[in-house]
There are 2 protein chains.
Amino acid sequence: MKDRKAEILELATELIQTKGYSAFSYQDLSDRLGIRKASIHHHYPTKEDLGKAVLAHYMERAKKNLQVVAQTSDDPWQRLDGFFELVRGTQQEGDRICCIGSVYAALTVVPQEIGETASHLAQFIVSWLSEVLGDGKKEGSMAFNGKPEAQALAVFCAMQGALQMDRAESGGILDSVMGQVRENLSV
Amino acid sequence: MKDRKAEILELATELIQTKGYSAFSYQDLSDRLGIRKASIHHHYPTKEDLGKAVLAHYMERAKKNLQVVAQTSDDPWQRLDGFFELVRGTQQEGDRICCIGSVYAALTVVPQEIGETASHLAQFIVSWLSEVLGDGKKEGSMAFNGKPEAQALAVFCAMQGALQMDRAESGGILDSVMGQVRENLSV
DNA sequence: GTCTATAGCGGGATAGAC
DNA sequence: GTCTATCCCGCTATAGAC
């Protein structure tokens, strides 16, 4: 255990994605890490501090991942696939939903700054997707009615919903929705 | 106040849709209804009892609403619009998300039966939508790649995500996503 | 940096009077 | 059906020893 603070942050992220912000507790962290609650308060004085740190780190990591995908290829379809792989990665980490969706679902009971960070990240992702879909339409490899911004928003919302629903249904909801999104963009 | 039990059920539904299952409490109900917590326990002994009742009633009402829409018109586009109006109704009742989405987001901390009821209702809605989209494709008024079932699932997930995101962003996220769904079904 | 101990609050739930 | 009173628990958070 070299970096306790990072370890706590990582586990808190997992708990927010699985149990939700309201339901996860310092006791959960204590049990899983094998240290006392007070020790966790030493690293993150309040739950709000910890929550803010989780979202800030989550945002940073997500932005970085998307930038890597964008740099890997210019092809819109490959960039979309890269995005899908990131989403699938979230799910395969074990019954997690997206941090944004978790915060959105509890928006009225979450500290304001946490909601705003989630919102900021959502806008970033939608904007990133808009560029991918816009490029695809321009070069003719993708085809759809309406503006790229609206389509990107719809795709983002579908991913959020699919991640949540995938946990409840045994069948591959996420796969199916990703497949349909592809169909809706095909020439 | 003729029917206290129904009144409690209604308010509990609202609280689950706004605060989420974990965060809403008998104290919340007590404050809003002006009666003591113990009186609420008289009608619904445990929180799980109340939660089950909320979901059972929500499911019943949603099924009835969809059946009414289906009986009102045979036209697929009109039926889709009827569905959209129901979704919009949920949102316009004041910062609510769909009960299903609320339960899905907290699936790991919600009593099993509640999760199963949410799942059952979700399947019903997706099935209902499949018929609408299937009919539209058959008669030629709607056009899209892939199977109606997969498209219906994607539309459902997009609606869940849009309802959640709409609360966080001031702009009409829900309107935009509904508009794009229409575009994706247009000939 | 981690511990013990404890404070203070709010949660779900019950008993029993009215 | 509603009330007062109470129980026990888990939560967030702090103080202070090691």
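In what follows, chains are A, B, ... by sequence order, proteins preceding strands, each numbered from 1. Values in this document were obtained by computation on a predicted structure and should not be read as measured data.
- Between A:Glu7 and A:Arg4 there is a salt bridge, since a side-chain N of the basic residue sits under 4.0 Å from a carboxylate O of the acidic one.
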inquiry  = Could you walk me through whether B:Gln78 and B:Thr72 satisfy the side-chain contact (heavy atoms from CB on, under 4.5 Å) test, starting with their C-alpha distance in whole Å, then the side-chain angles of each, then the deciding distance to 0.1 Å, before giving a yes or no?
reply    = CA-CA 9 Å; B:Gln78 279 189 20; B:Thr72 301; 5.8 Å; no
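- In this structure, B:Lys52 forms no cation-pi arrangement with B:Tyr44, as its terminal cationic atom is not both closer than 6.0 Å to the ring centre and no more than 45° off the ring axis.
- Rounded to whole Å, atom P of D:dC11 lies 19 Å from atom CD of B:Gln27.
- In the 5' to 3' direction, nucleotides of DNA chain C lying under 4.0 Å from heavy atoms of chain B begin and end at C:dG11 to C:dA15.
- At a non-hydrogen distance threshold of 4.0 Å, nothing from residues 10-21 of chain A comes into contact with DNA chain D.
- Residues B:Met159 and B:Phe124 are members of one and the same hydrophobic cluster, defined by side-chain heavy-atom contacts under 4.5 angstrom among Ile, Leu, Val, Met, Phe, Trp and Tyr.
- A cation-pi arrangement is absent between B:Lys63 and B:Tyr58 under the rule of less than 6.0 angstrom and at most 45 degrees off the ring axis.
- Listed for the B:Gln17 side chain is a donor-acceptor partner under 3.5 Å among the backbone atoms of B:Ile97.
- Sorted by residue number, the members of residues 35-42 of chain B with any non-hydrogen atom under 4.0 Å from DNA chain C read B:Lys37, B:Ala38, B:His41.
- Taking a 4.0 Å limit (strictly below) on heavy-atom distances, residues 110-118 of chain A does not reach DNA chain C anywhere.
- In this structure A:Glu131 satisfies the side-chain hydrogen bond (donor to acceptor under 3.5 Å, both in side chains) test with no other residue, sequence neighbours excluded.
- Looking at A:Arg79 and A:Asp74, no side-chain N of the basic residue comes within less than 4.0 Å of a carboxylate O on the acidic one, giving no salt bridge.
- Heavy atoms from other residues, nucleotides or ligands lying under 6.0 Å from NZ of A:Lys147 number 12 at most.
- Applying the 6.0 Å contact sphere to CD of B:Glu139 captures more than 12 heavy atoms from other residues, nucleotides or ligands.
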query = Tell me, what's DNA chain C's dot-bracket, Watson-Crick or G-U with both distances under 3.5 Å, | for other-strand, [ ] crossing?
reply = ||||||||||||||||||
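- Contacts of A:His41 classified as ring-ring contact (aromatic ring centres under 6.0 Å, His included), with partners at least two apart in sequence or in another chain: A:Tyr26.
- Evaluation of the side-chain hydrogen bond (donor to acceptor under 3.5 Å, both in side chains) rule for A:Glu93 yields no partner, not counting sequence neighbours.
- B:Leu129 is connected to B:Met59 through a chain of hydrophobic side-chain contacts under 4.5 Å among Ile, Leu, Val, Met, Phe, Trp and Tyr, so both are in one cluster.
- DNA chain C is contacted by no residue of residues 44-53 of chain A, taking any non-hydrogen atom closer than 4.0 Å.
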Can you give each donor-acceptor pair under 3.5 Å made by side-chain atoms of residues 29-36 of chain A, sequence neighbours left out, with the distance rounded to 0.1 Å?
{"from": "A:Ser30", "atom 1": "OG", "to": "A:Ile35", "atom 2": "O", "distance (Å)": "2.7"}
{"from": "A:Asp31", "atom 1": "OD1", "to": "A:Gln27", "atom 2": "NE2", "distance (Å)": "2.9"}
{"from": "A:Arg32", "atom 1": "NH2", "to": "A:Glu14", "atom 2": "OE1", "distance (Å)": "3.4"}
{"from": "A:Arg32", "atom 1": "NH2", "to": "A:Glu14", "atom 2": "OE2", "distance (Å)": "3.3"}

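- Side chain of B:Ser130 to backbone of B:Val126: a donor-acceptor contact under 3.5 angstrom is found.
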Please tabulate, for side-chain N and O atoms in residues 98-109 of chain B, each donor-acceptor pair with protein atoms closer than 3.5 Å (sequence neighbours left out).
{"from": "B:Ser102", "atom 1": "OG", "to": "B:Ile16", "atom 2": "O", "distance (Å)": "2.8"}
{"from": "B:Tyr104", "atom 1": "OH", "to": "A:Glu169", "atom 2": "OE2", "distance (Å)": "3.1"}
{"from": "B:Thr108", "atom 1": "OG1", "to": "A:Thr18", "atom 2": "O", "distance (Å)": "2.7"}

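- Among residues at least two apart or in separate chains, side-chain hydrogen bond (donor to acceptor under 3.5 Å, both in side chains) pairs with a member in residues 177-187 of chain B are A:Gln151-B:Asn184, B:Asp81-B:Arg182, B:Gln180-B:Asn184.
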